[in-house]
Amino acid sequence: MARVMIVDDSKVVRHYLSQMVELADHTAIQVESGEKALELLETRAKTEPTLLPDLIFMDVLMSPGMSGIETTSKIKASPIPAVAEVPVVFLTGIGEQDIVSKALDAGAIDYMVKPSSAESLPIFLSNLRKKLDRLLTMSTRSLKRGAGLIADLSNEYLPSLLQMLHLELHSRRNGHDL
């Protein structure tokens, strides 16, 4: 069972991604800010390293506080190898594609545009799974569990994830951030 940290300032995104992670028989860790994510990672690394997440879904832009890019840079620069090695996948909103290269430079392994169309999400999940599978031959136990999570999400829970993304898009179009 993998542990997945979801770092997003939107309660809706955190809630629905958590549901998808838990439906895939993995553990979701919801965090609303970059600062809280760093604090949790450092605390677990020192007190309970076996409870570090195996994968992090990180929102690029969060307010108030640190952006996902700043948070990921700090994670990847951590002097604690177990923290620095946790793979990060960025979640970006439409219109934020211009900052994707900065996000990847910060150390993420990939990104997903949210909300996503029905056509682009399966392609993204498939490509991400292939990328993770290639990294498995030289990676840690954490990446192995992360690859399994992506496989579970893409193969079994895609319809629910698409529904969540549709709700998030509808909410943002109507000016609500739940």
Side-chain angles (χ1 to χ4, degrees), residues 1-93 103 106-112 114-116 121 124-125 128-129 132 135-136 139-154 156-158 160-161 163-165 167-168 177-178:
M1 181 183 318
R3 282 172 302 285
V4 180
M5 180 181 283
I6 301 158
V7 184
D8 200 301
D9 57 345
S10 168
K11 288 180 186 177
V12 171
V13 172
R14 286 194 319 267
H15 173 76
Y16 282 103
L17 280 178
S18 292
Q19 283 186 336
M20 296 307 100
V21 166
E22 289 167 1
L23 284 171
D25 291 326
H26 300 290
T27 302
I29 306 161
Q30 294 187 43
V31 183
E32 65 273 6
S33 71
E35 291 86 356
K36 289 190 179 183
L38 286 170
E39 181 182 321
L40 182 64
L41 289 168
E42 290 170 5
T43 300
R44 285 195 176 179
K46 292 174 184 172
T47 61
E48 301 174 284
T50 59
L51 295 180
L52 280 168
D54 300 296
L55 180 67
I56 299 172
F57 283 118
M58 177 80 66
D59 188 16
V60 172
L61 299 177
M62 294 182 278
S63 62
M66 275 194 288
S67 71
I69 294 171
E70 292 171 286
T71 305
T72 299
S73 292
K74 289 186 180 216
I75 290 169
K76 296 304 172 184
S78 174
I80 306 166
V83 171
E85 293 169 359
V86 177
V88 176
V89 175
F90 275 107
L91 302 173
T92 68
I109 60 168
D110 215 330
Y111 71 96
M112 179 170 68
K114 64 171 189 178
S116 182
L121 188 58
F124 163 79
L125 291 172
L128 180 58
R129 182 176 182 197
L132 287 172
L135 293 171
L136 283 176
S139 67
T140 65
R141 184 172 134 267
S142 294
L143 280 176
K144 288 180 184 175
R145 294 197 305 220
L149 169 68
I150 298 301
D152 290 345
L153 290 175
S154 65
E156 297 180 32
Y157 302 104
L158 181 61
S160 297
L161 185 57
Q163 181 181 14
M164 179 276 302
L165 293 170
L167 290 172
E168 177 71 6
D177 187 17
L178 303 175

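These numbers come from a predicted model, not from an experiment.
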Scan the side chains in residues 30-40 for donor-acceptor partners under 3.5 Å anywhere in the protein, sequence neighbours excluded, and list what turns up.
unit_1 : atom_1 : unit_2 : atom_2 : d
Q30    : NE2    : S18    : OG     : 3.1
E32    : OE2    : K36    : NZ     : 2.7
S33    : OG     : K36    : N      : 3.1
E35    : OE2    : M66    : N      : 2.8

Check: Closest heavy-atom contact between S78 and A84?
Finding: O-CB, 3.8 Å
Next item on the list: Please name the pair of heavy atoms, one in K76 and one in A106, separated by the smallest distance, quoted to 0.1 Å.
Entry: CG-O, 3.5 Å
Margin query: Quick check for you: to the nearest 0.5 Å, what is the distance between L91 atom CG and L61 atom CG?
Written below: 11.5 Å
Next item on the list: Please report the C-alpha distance between V4 and F57 in whole Å, then the side-chain angles of each, then the deciding distance to 0.1 Å, and finally whether the side-chain contact (heavy atoms from CB on, under 4.5 Å) criterion is met.
Entry: CA-CA 7 Å; V4 180; F57 283 118; 3.7 Å; yes
Margin query: To check you understand the geometry: which heavy-atom pair defines the closest contact between A108 and T72, and what is its length?
Written below: N-CG2, 4.1 Å
Item checked: Rounded distance (nearest 0.5 Å) linking atom CZ of R14 with atom CG of D8 -> 7.0 Å
Check: Any side-chain heavy-atom pair from D9 and S63 closer than 4.5 angstrom?
Finding: yes
Margin query: Between V60 and I69, is the side-chain contact (heavy atoms from CB on, under 4.5 Å) condition met? List the steps.
Written below: CA-CA 6 Å; V60 172; I69 294 171; 4.1 Å; yes
Notebook entry, point to check: For M58 and V89, what are the C-alpha separation, side-chain angles and deciding distance, and is it a side-chain contact (heavy atoms from CB on, under 4.5 Å)?
Noted result: CA-CA 6 Å; M58 177 80 66; V89 175; over 6 Å; no
Check: What's the shortest heavy-atom distance between V83 and L41, and which atoms?
Finding: CG2-O, 3.9 Å
Next item on the list: Say whether, by atom type as modelled, one donor and one acceptor occur between the side chain of R44 and the main chain of L51 under 3.5 angstrom.
Entry: yes
Margin query: In the structure I gave you, are the side-chain heavy atoms of V7 and I56 within less than 4.5 Å of one another anywhere?
Written below: yes
Next item on the list: Kindly compute the distance separating CD1 (I75) from CD (E42), expressed to the nearest 0.5 Å.
Entry: 9.5 Å
Margin query: Quick one: does any side-chain atom of R3 pair with a main-chain N or O of L55 as donor and acceptor, under 3.5 Å?
Written below: no
Notebook entry, point to check: Where do I109 and P87 come nearest, in terms of heavy atoms and distance?
Noted result: CD1-CB, 3.9 Å
